[in-house]
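This report refers to the structure that appears directly beneath it.
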Amino acid sequence: MKLVIAEKPSVGRELAKVFGATTRKDGYIEGKGYSFTWAFGHLLQLAPPQEYGFYGWRKEHLPMLPQKFKLSIRKIKTKDGMVEDPGVRKQLDIIQKLFDECTEIIVATDAGREGELIFRYIYSYLKCKKPFKRLWISSQTDEAIKDGFRNLKPGEDYDTLFSSAHCRSVSDWLVGMNATQALSISAGNRSVLSLGRVQTPTLAMICARYLEIKNFIPKIYYQIGIQLDKDGQLFKAISVDNFETKEESEAIFAKVEDVASGFSNGGNITAVEAKPRKEPPPLLHDLSSLQQEANKRNGFTADQTLGLLQNLYESKLVTYPRTGSRYIGDDVFATVPPLIASLTDHPQFAKQAMALGEMTLNKRSVNAKKVTDHHAILTTGIKAGSLSKDHQAVYDMVAGRMLEAFHQECLKEVTKITIQSEITFMANGTVIRSAGWRSVFNDVEDDKKDEDNPALPKVKKGEALPIINKALLEKQTKPKAMYNEASLLKSLETCGKEIEDEELRYAMKDSGLGTPATRAAIIETLLTREYILREKRNLVPTAKGLAVYEIVKEKRIAQAELTGAWEKRLEEIRSGGTSVQEFKSEIIDYTRSITQELLTDGAAISGQLATPATVTT
DNA sequence: GCAAGGTC
């Protein structure tokens, strides 16, 4: 018997189906000379400090540098503390039995660094010696699966990928465990002050933004607004320049030739520009973009959205949710028309689904090269029974985005009219000629809500129009907005760099902080540590969070660049350019220095933290 | 009591 092992049950079942294996057993499926089993993500983790003899949190232990790392079964939190996850233990027993019985293993965990690690940790923990080959596919259509099985790779081809994965894991343990204990101990050991490669830069982003807003000094400036009349159709224009002083703006304001000052046609049209603009549909959703949208539309937290999506996935209503790709391959694209047809009885989308059925589908979201472990989130075509309100809301965001993504471009006409009257004014207007994808939700664009003129009258250069109204406007510069879950997720994708362009931002996603599957958990960790609070929809730092930030803000552990630097080195390990030993010794050096620094610097916040919890006996 | 990574 050959054993196929997948990363998760859904993939194991899918592979079995393609092979025609149908005998369902407890934890695996059998048939045609194969057995198909699965993990549930990482079943094993690097063992905690006490398994190396570091009991309690003691300064004398630091830095903890285990010679050889051990693996232990994934734990879950219960009221009696952390215990082995019984489901994980059971599945490991099943895998052990299948390892013993098989002649060969086919590794079918996700095609990536963590997928490799999931299998290798199991293989190592169960002390298996059987030969294994690697299935490496980026799409799970029948054809891609069959093709992958015809082209199995030698297992050892991925040895360096495993090395880089293990290094990632060990490095996070060394830096995270040591830094956390060092800071907690030196700050007086009152509570857990956790630090880590991902959570600490995230905290730093929230704190830096908060302080920037708190220290922001608004500046007053003046603008002049006018209203013009073209044959009874009124429109607004605003001065191109801002004025710094009230005196200056008042002097100019007085000279603007409005009707009330005796000028019947004081507004001279000096330029008219009307340009058609095409707006392509948005890309399909990946987890992060969906979490952002659900936060904006419904106020769901990243964690809630992930939970709702996971339920929908388990009910087979949507495809795999923890994806970082907003694209699908051509093979999946071939399955899209029936998916759209399945929405023709949807109460909200029926009309658009029918219209889309008649059109050539837009292929902006179709690009096999941009599909990594998983493709963008789609519906499956399976009819949703009655869903809870929240589940329905998330399902509709997936379905609606699908209709948008394959829809026509939105065609607009953008008009700019330049008016001269003592100074230069500008009127902007946008008219939608053909709504295209925008007809799915009929939303107003975020940045167009305060646009002064939806439609502008037809005017010609050289015309003079009456200015029927003028106003001196006093305005203030505004600080950036506080982070909320949506804007934080967006920032994590690009390490805090603000990139508006959707595709450019997407290109940077490999250098982001955390992964789609872990970002919601990172936010929850910061909340659990009481480093941050939810204040309405905003995420704001607490005094504790700010105190920790003050200690670490200049250190590498608080900078997103640390992840970038590690990633570069890990890729060198994978490609064979750097030895594992070289990287590990760098990490150990860094662990020693950050631990030492924190043991000293942490004392600074000892007094600032909340009084220790009262101990009752 | 602690990281970040994966998933149910």
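These values consider heavy atoms only, across backbone and side chains, with no hydrogens, waters or symmetry-generated copies. Letters A, B, ... are given to chains in the order of the sequence lines, protein chains preceding strands, and every chain is numbered from 1.
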Does the side chain of [X] pick up a donor-acceptor pair with the side chain of [Y] at under 3.5 Å?
X	Y	value
A/S288	A/Q292	yes
A/Y55	A/H61	no
A/Q291	A/N295	no
A/S10	A/E314	no
A/K555	A/T200	no
A/T319	A/Y313	no
A/S72	A/Y125	no
A/E572	A/T578	yes
A/R197	A/T563	yes

Please tell me which of A/Q310 and A/G196 maps to the more 5' nucleotide of DNA chain B, matching each residue to the nucleotide holding its nearest heavy atom. A/G196
Per nearest nucleotide of DNA chain B, the residue lying toward the 5' end, A/E7 or A/M64, is A/M64
So [X], base contact, sugar-phosphate only, or nothing? Heavy-atom distance under 4.0 Å.
X	result
A/N189	base
A/R197	sugar-phosphate
A/Q45	base
A/V192	base
A/P9	sugar-phosphate
A/Y313	sugar-phosphate
A/Q181	base
A/E116	nothing
A/T518	base

Would you please test A/D159 and A/R120 for salt bridge (charged side-chain N to carboxylate O under 4.0 Å, His left out) and show each step? CA-CA 9 Å; A/D159 287 355; A/R120 300 281 187 136; 2.9 Å; yes
Those residues of [range] lying under 4.0 Å from DNA chain B by at least one heavy atom:
range	answer
residues 167-177 of chain A	A/R168, A/S169, A/D172, A/W173, A/G176, A/M177
residues 35-42 of chain A	A/F40, A/G41, A/H42
residues 384-394 of chain A	none

Any donor-acceptor pair under 3.5 Å between the side chain of A/Q199 and the base of B/dC2? no
I'd like to know if A/R113 pairs up with A/E116 as an ion pair, taking the criterion as any Lys NZ or Arg NE/NH1/NH2 lying under 4.0 Å from an Asp or Glu carboxylate oxygen. no
Salt-bridge present (A/K8, A/D110; N to O < 4.0 Å): yes
My understanding is that only one of A/F99, A/F119, A/Y158, A/F162 makes a ring-ring contact (aromatic ring centres under 6.0 Å, His included) with A/F132; could you say which? A/F119
Tell me the interatomic distance from [X], atom [atom1], to [N], atom [atom2], rounded to whole angstroms.
X	N	atom1	atom2	answer
A/E51	B/dC2	CD	P	15 Å
A/I523	B/dA3	CD1	C1'	17 Å
A/L287	B/dG5	CG	P	14 Å
A/I118	B/dG5	CD1	P	13 Å
A/L526	B/dC2	CG	P	14 Å

Can you tell me if the side-chain N/O atoms of [X] get under 4.0 Å from OP1 or OP2 in [N]?
X	N	value
A/R529	B/dC2	yes
A/S194	B/dA3	yes
A/R322	B/dC8	yes

